[in-house]
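What you see is a predicted model, and the numbers here were worked out from it, not measured in a lab.
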Amino acid sequence: MNPQSQTDPSLPKALKAGDTLGIVAPASPFDRTLFDAGLRVLESMGFDLVVPEEIFDHNGYLAGSDRRRADLLNRLFADPGIDGIICARGGYGAMRVLPLLDVGVISCHCKVFVGFSDITALLGFLVQRCRMVPFHGPTVTTLGSADPSTRDRLLSALSKSAPLSLSAASNLVLQPGSAGGPFFCGNLTLFCHLIGTPFQPDFSGGILLIEDQGEAPYRIDRMLTQMMLAGCFDGLAGLALGTFSDCGPVEAVHRIVAERMGGLNIPILAGFDVGHETVNMTLPVGLPVQLDTHLGALTFAGPAVR
């Protein structure tokens with residue numbers, strides 16, 4: 001995701017009732033009960049759904065072979081009958097399909113794409129390689145048990161062509177200030193695992209929001225340290241923190257971030273409801289955003305859909 005690109009990312013078309021969502025499983029297999037509950041939520045929003053049979057494949061800890069998972073993504077982007085795409089779940093495996101995705105096909109068919117956690121790898125690919133705005137938001141398997149605010153935010157973000165903003169649920173200022181730049185958002189572990197690959201994102205000049213699940217505080221320290229030593233945060237304009245579920249005391253996580261990142265002299269604001277909790281607020285990736293610790297908010301410069 002190079003913010004120095006002269007080409008602004010393309011906005012997907014806003015969704016409306018009666019539009020068709022295609023479901024993909026680019027990473028791990030999923031729980032069928034949770035999946036069916038999520039489908040009912042999407043249907044209640046007024047969407048028609050296409051559920052390809054191959055998403056139910058199992059290949060060990062993957063939802064089918066790398067080629068099959070990649071081909072389905074390519075096919076749904078190219079299909080004019082599909083208005084948007086939402087991932088069944090994360091887990092592991094999305095980064096394995098990156099070399100198999102057809103940049104030319106996907107770039108020519110900009111449409112809504114939603115996912116989080118392991119899907120972080122695909123969100124970065126769509127911004128960096130395909131120059132389109134995807135959405136960091138709930139997957140099908142998390143929608144059934146999601147807080148109503150999560151569902152409302154998803155529908156609003158995908159259907160209304162108005163600038164989005166998000167206030168921190170608990171305004172925890174780790175370092176004060178205000179800064180703007182392209183918005184990057186995703187799972188800390190995935191960002192760390194992309195270091196040294198052709199798909200490593202470039203955060204320079206941008207605002208980054210990170211979240212994670214099930215990582216002990218020392219491992220969060222280790223990932224941040226590795227990324228710092230690799231130069232990943234050189235030129236970063238601002239940092240926001242989502243939820244760190246089952247990562248030990250949240251105060252410990254915040255202390256680590258403040259200690260490791262404080263020397264960058266950038267605004268750092270924690271407390272955003274983004275991540276692996278029942279409240280997971282949808283955000284567009286790749287758009288210009290302003291992070292303001294005084295206001296306690298992220299404010300996007302323009303709409304995320306057209």
Task: Partners passing salt bridge (Lys or Arg N to Asp or Glu O under 4.0 Å) against Asp36 (at least two apart in sequence or in another chain) - done: Arg32
Open item on the list: Donor-acceptor check, side chain of Thr20 to backbone of Asp83, threshold 3.5 angstrom: yes or no?
Closed with: no
- [ ] Provide the closest heavy-atom pair for Phe113 versus Val24 in the form atom of the first, atom of the second, distance.
- [x] CE1-CG2, 4.5 Å
Task: Same apolar cluster (I L V M F W Y, side chains within < 4.5 Å links), Val250/Leu224 - done: no
- [ ] Looking only at non-hydrogen atoms, find the nearest pair between Asp292 and Ser178 and report the distance.
- [x] OD2-OG, 3.9 Å
Open item on the list: Check Arg68 with Asp57, please: is the shortest side-chain N to carboxylate O separation under 4.0 Å?
Closed with: yes
- [ ] Report yes or no: do Tyr218 and Met261 belong to one cluster of Ile/Leu/Val/Met/Phe/Trp/Tyr joined by side chain heavy-atom distances under 4.5 Å?
- [x] no
Task: Check: Pro267 main-chain N/O paired with Thr293 side-chain donor or acceptor under 3.5 Å - done: no
TODO: List the atom of Ala270, the atom of Ala168, and the distance in Å for their closest heavy-atom pair.
DONE: O-CB, 3.8 Å
Task: Student check: side-chain heavy atoms of Leu194 and Pro201 closer than 4.5 Å - done: yes
Task: Rounded distance [0.5 Å steps], CG in Leu174 versus CD1 in Ile268 - done: 6.0 Å
- [ ] Would you kindly say whether Ser117 and Gln213 are connected by a side-chain donor-acceptor distance under 3.5 Å?
- [x] no
Task: Residue pair Ala297 / Leu269: nearest heavy atoms and the distance that separates them - done: N-CD2, 3.8 Å
TODO: State the CG-CG distance between Leu21 and Leu15, to the nearest 0.5 angstrom.
DONE: 6.0 Å
Task: Spatial distance of atom CG (Leu283) from atom SG (Cys185) [nearest 0.5 Å] - done: 5.5 Å
Task: Glu215 side-chain N/O to Cys247 backbone N/O, donor-acceptor pair under 3.5 Å - done: no
TODO: Would you check if the side chain of Arg69 reaches a backbone N or O of Ile55 as a donor-acceptor pair within less than 3.5 Å?
DONE: no
Task: Same apolar cluster: Leu172 and Ile220, side chain cutoff 4.5 Å - done: no
Task: ILVMFWY cluster, Leu126 and Val105 together (side-chain gap under 4.5 Å) - done: no
Open item on the list: Tell me whether Arg153 contacts the main-chain N or O of Met281 through its side chain, where contact means a donor paired with an acceptor under 3.5 Å.
Closed with: no
Task: Close side-chain approach of Phe47 to Leu155, heavy-atom, < 4.5 Å - done: yes
Open item on the list: In the structure I gave you, are the side-chain heavy atoms of Leu209 and Leu241 within less than 4.5 Å of one another anywhere?
Closed with: no
- [ ] First locate atom SG of Cys192, then atom CD1 of Ile210, and finally report the distance between them rounded to the nearest 0.5 Å.
- [x] 10.5 Å
Open item on the list: Are the side chains of Met223 and Asp212 in contact, using a 4.5 Å heavy-atom criterion?
Closed with: yes
Open item on the list: Rounded at 0.5 Å granularity, tell me how far CD1 in Ile23 sits from CG in Leu42.
Closed with: 6.0 Å
- [ ] May I ask you to decide if Asp118's main-chain N or O and Asn187's side chain share a donor-acceptor pair within less than 3.5 Å?
- [x] no
TODO: Report yes if the side chains of Lys111 and Pro80 come closer than 4.5 Å at any heavy-atom pair, otherwise no.
DONE: no
TODO: Applying side chain to side chain contact (heavy atoms under 4.5 Å, CB included), run through Glu53 and Phe56 and close with a yes or a no.
DONE: CA-CA 6 Å; Glu53 189 61 34; Phe56 301 108; 3.9 Å; yes
Task: Reported CG-to-CE distance for the pair Leu143 and Met45, which is rounded to 0.5 angstrom - done: 5.5 Å
Open item on the list: Considering only residues two or more places apart or on different chains, which pairs with a residue in residues 220-248 satisfy side-chain hydrogen bond (donor to acceptor under 3.5 Å, both in side chains)?
Closed with: Asp221-Thr225, Thr225-Arg260, Ser245-Glu277
Task: Derivation and outcome, side chain to side chain contact (heavy atoms under 4.5 Å, CB included), residues Leu158 and Phe135 - done: CA-CA 9 Å; Leu158 304 186; Phe135 292 85; 3.7 Å; yes
Task: Side-chain heavy atoms of Val305 within contact of Lys13, under 4.5 Å - done: no
- [ ] Taking Thr142 for its side chain and Thr139 for its backbone only, find out whether a donor-acceptor pair lies under 3.5 Å.
- [x] yes
Task: Side-chain H-bond candidate by donor/acceptor type, Thr150 with Asn280, under 3.5 Å - done: no
Task: Side-chain donor or acceptor of Ser44 paired with backbone N/O of Val41 under 3.5 Å - done: yes
Open item on the list: Between Leu298 and Ile207, does the side chain to side chain contact (heavy atoms under 4.5 Å, CB included) criterion hold? Intermediate values first, please.
Closed with: CA-CA 9 Å; Leu298 289 162; Ile207 305 298; 4.1 Å; yes
Task: Contact summary for Met132 and Phe77, nearest pair of heavy atoms - done: SD-CE2, 4.0 Å
Open item on the list: In the structure I gave you, are the side-chain heavy atoms of Leu11 and Cys110 within less than 4.5 Å of one another anywhere?
Closed with: no
Open item on the list: Within the structure provided, determine whether Ile82 and Val50 are in side-chain contact (heavy-atom separation under 4.5 Å).
Closed with: yes
Open item on the list: Could you check whether any side-chain N or O of Gln200 sits under 3.5 Å from a backbone N or O of Gly196, counting only pairs where one atom can act as donor and the other as acceptor?
Closed with: yes
Task: ILVMFWY cluster, Val173 and Leu295 together (side-chain gap under 4.5 Å) - done: no
Task: Phe191 ring center within less than 6.0 Å of Phe184 ring center - done: no
When the side chains of residues 84-101 are checked against the rest of the protein, which donor-acceptor pairs come out under 3.5 Å, sequence neighbours left out?
from	atom 1	to	atom 2	distance (Å)
Arg89	NH1	Pro29	O	2.8
Arg96	NE	Asp66	OD1	3.0
Arg96	NE	Asp66	OD2	3.0
Arg96	NH2	Asp66	OD2	3.0

- [ ] Would you please indicate if the ring centroids of Phe183 and Phe300 are separated by under 6.0 Å?
- [x] yes
- [ ] I would like to know whether Glu43 and Asp48 meet side chain to side chain contact (heavy atoms under 4.5 Å, CB included); could you show each step before the answer?
- [x] CA-CA 6 Å; Glu43 289 172 339; Asp48 294 331; over 6 Å; no
Open item on the list: Quick check: Phe116 with His276 (ring centres under 6.0 Å apart)?
Closed with: yes
- [ ] Locate the shortest heavy-atom distance separating Val133 from Ala304; write the atom from each residue and the value.
- [x] CG1-O, 4.3 Å
Open item on the list: I'd like to know if the side chain of Arg151 and the backbone of Gly144 have a donor-acceptor N/O pair within less than 3.5 Å.
Closed with: yes
